2 protein chains.
Amino acid sequence: MPVVQNIRLTVDAVVFGYIPREGIVVLLIKRTIDPYLHSWALPGGFVLDDESLETAVTRELLTEAGVNINYLEQLYTFGLPGRDPRGRVVSVAYFGLVNPTNFKLAASSDAEDASWFNIKDLPSLAFDHATIIDVAVQRLRNKIRYEPIGFELLDKKFPIADLEKLYETLLDRPIDRRNFQKKINHLGILIAHNEKQKQVSQGRPAKLFSFNEEQYFKLKKEGMAFEI
Amino acid sequence: MPVVQNIRLTVDAVVFGYIPREGIVVLLIKRTIDPYLHSWALPGGFVLDDESLETAVTRELLTEAGVNINYLEQLYTFGLPGRDPRGRVVSVAYFGLVNPTNFKLAASSDAEDASWFNIKDLPSLAFDHATIIDVAVQRLRNKIRYEPIGFELLDKKFPIADLEKLYETLLDRPIDRRNFQKKINHLGILIAHNEKQKQVSQGRPAKLFSFNEEQYFKLKKEGMAFEI
DNA sequence: CAGGAATGAGTTACATTTACACGAATTTTA
DNA sequence: TAAAATTCGTGTAAATGTAACTCATTCCTG
């Protein structure tokens, strides 16, 4: 049993957001230290000896990008020797969802810059972060088949069309508007409001909805089969 | 940036097997060193500086229990401070499936004993290994909803009833024999043979089947919706 | 060789999904 | 100011898939 190892541990966060007419975006920061100085990378860093992995991720997200996140889950641990030029570094990657309009990104001392990038148009990335994002995108695409998605990504009140467009973006195919509405209603996770959408587009303004949090999280916990 | 950490890294393996009239079993070893000396625990141990995580797991499985495994996937990383009395130890847990009849367990130098335990009747376990097994059992139960399961767990040739019983065990509820057969046939992953089951039970002997590996792994890769 | 036991191949009723149509509310254009 | 364009909201019929069930077949046992 090797009592002394020469392995270090980091965490990285893949935080996704949804911007209605733009698509799925991911949070990246610009590095201020070597290696990969000035490269775009996932927010993350070394784990402190006495903090949990989750604490490490939320700490790094706050200090590097000014983002306070409420939904976070573990994604995968990347441990191939050689993935970091400094030596053996194993990274536990996390997966998060936020509504980008809730934050103004604050590139703090630890990062030169912080910004949202469309996942279809990513810059060249540090380390194996491109691979990590690939795995996270897969997870996101699978998630919508067995869990409701939207609460973390959309505004408090939204027209159903926004939710539908989110699903179309993730599934990368058109969905029948009317059948989608029926299925969502059947899940009982939406609350109708007596407000209408402000005139952002032409045509009849849509009713606004919000999520029934209790029902939403109940479904999320139990799992559901949601084939659109 | 802390250049020096005091965190060590281990891997642990949750290897499941299926024993037809008994149920789902998990591989445990009896520890020969402190802490938790003589306790039952998951096979695993410290990662070497220059080996991949997968290599570390397969190495430990071989040396501690004599098990050579072909199906292994990463499960989850457990990193709560305090989970190991020796200090900060983060463990990457893996999830494996084997047919227990293919091995005779060999408790080698690193383990006092190695044995299969029914998941419904586990002994008291070292560290947080009971939690790790819980997470693995959940993964197993979820898996059968979107991936074919059986190839790794059953004999080369088997009657459909064996596969059905496996599903009944995992889902913990009865399944209609005839509908199950129709659905499985519809997936096209079974090859019928002109052999019949030897007289282990009374009644009409069943035809034997094997998996169409090509179709099986294609489905596994693509994912499927398989609601029984 | 009759009865018990489990397999193998349907059939039918029901539920779910898919495809598609039209009127209502609002903005834009002529 | 009226007609056209656009988007929202609701409904229905056909197709498909699932669940429950019937019955004949094959083999072992007594």
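Remember, predicted model here, so these are calculated numbers, not experimental data. Letters A, B, ... are given to chains in the order of the sequence lines, protein chains preceding strands, and every chain is numbered from 1.
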*Can you check whether A/Phe95 reaches A/Lys143 side chain to side chain, under 4.5 Å on heavy atoms?*
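Of all side-chain heavy-atom pairs linking A/Lys143 with A/Phe95, at least one is under 4.5 Å.
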
*Can you find a pair of side-chain heavy atoms, one from A/Phe103 and one from A/Asn68, that are under 4.5 Å apart?*
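Of all side-chain heavy-atom pairs linking A/Asn68 with A/Phe103, at least one is under 4.5 Å.
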
What protein N or O atoms touch nucleotides 4-7 of chain D N or O atoms at under 3.5 angstrom, if any, and at what distances?
residue : atom : partner  : partner atom : Å
D/dT7   : O2   : A/Arg204 : N            : 3.3

Near DNA chain C, counting only heavy atoms under 4.0 Å, which residues of [range] show up?
range	result
residues 143-151 of chain A	none
residues 177-187 of chain A	A/Arg178, A/Asn179, A/Lys182, A/Lys183
residues 156-173 of chain B	B/Ala161

*Reckon A/Lys196 has a side-chain N or O less than 4.0 Å from the OP1 or OP2 of C/dT26?*
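True: A/Lys196 side-chain N/O within range (under 4.0 Å) of C/dT26 OP1/OP2.
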
*Mind checking what makes side chain to side chain donor-acceptor pair (under 3.5 Å) contact with A/Arg177, not counting sequence neighbours?*
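A/Arg177: no side chain to side chain donor-acceptor pair (under 3.5 Å) contacts found.
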
_Going by side chain to side chain donor-acceptor pair (under 3.5 Å), name the residues that satisfy it together with A/Thr55, two or more places apart in sequence or in a different chain._
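Applying side chain to side chain donor-acceptor pair (under 3.5 Å) to A/Thr55 gives A/Ser52.
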
Could you check whether any side-chain N or O of [X] sits under 3.5 Å from a backbone N or O of [Y], counting only pairs where one atom can act as donor and the other as acceptor?
X	Y	answer
A/Arg31	A/Ala41	no
B/Tyr216	B/Pro148	yes
B/Gln197	B/Pro205	no
B/Lys183	B/Glu227	yes

_Does anything in residues 149-165 of chain B form a salt bridge (charged side-chain N to carboxylate O under 4.0 Å, His left out)? List the pairs, not counting sequence neighbours._
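The answer is B/Glu152-B/Lys220, B/Lys157-B/Glu195.
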
May I have the distance from [X] (atom [atom1]) to [N] (atom [atom2]), rounded to whole angstrom?
X	N	atom1	atom2	value
B/Phe209	C/dT7	CZ	P	12 Å
B/Lys207	C/dA9	NZ	C1'	10 Å
A/Asp176	C/dT17	CG	C1'	11 Å
B/Glu195	D/dC27	CD	P	15 Å

Which residues share a salt bridge (charged side-chain N to carboxylate O under 4.0 Å, His left out) with [X], sequence neighbours left out:
X	result
A/Arg204	none
B/Asp128	B/Arg83
B/Glu112	none
A/Glu22	none

*Which parts of residues 218-227 of chain B get close to DNA chain D, meaning a heavy atom less than 4.0 angstrom away?*
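Contacts with DNA chain D under 4.0 Å: none.
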
*asked:* Parallel, tilted or perpendicular: which one describes the rings of B/Phe158 and B/Phe211, with boundaries at 30° and 60°?
replied: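 Plane angle between 30° and 60°, so tilted.
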
_Inter-residue atom distance A/Asn212.CG - A/Phe151.CZ, 0.5 Å rounding_ =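 These two atoms lie 10.0 Å from each other.
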
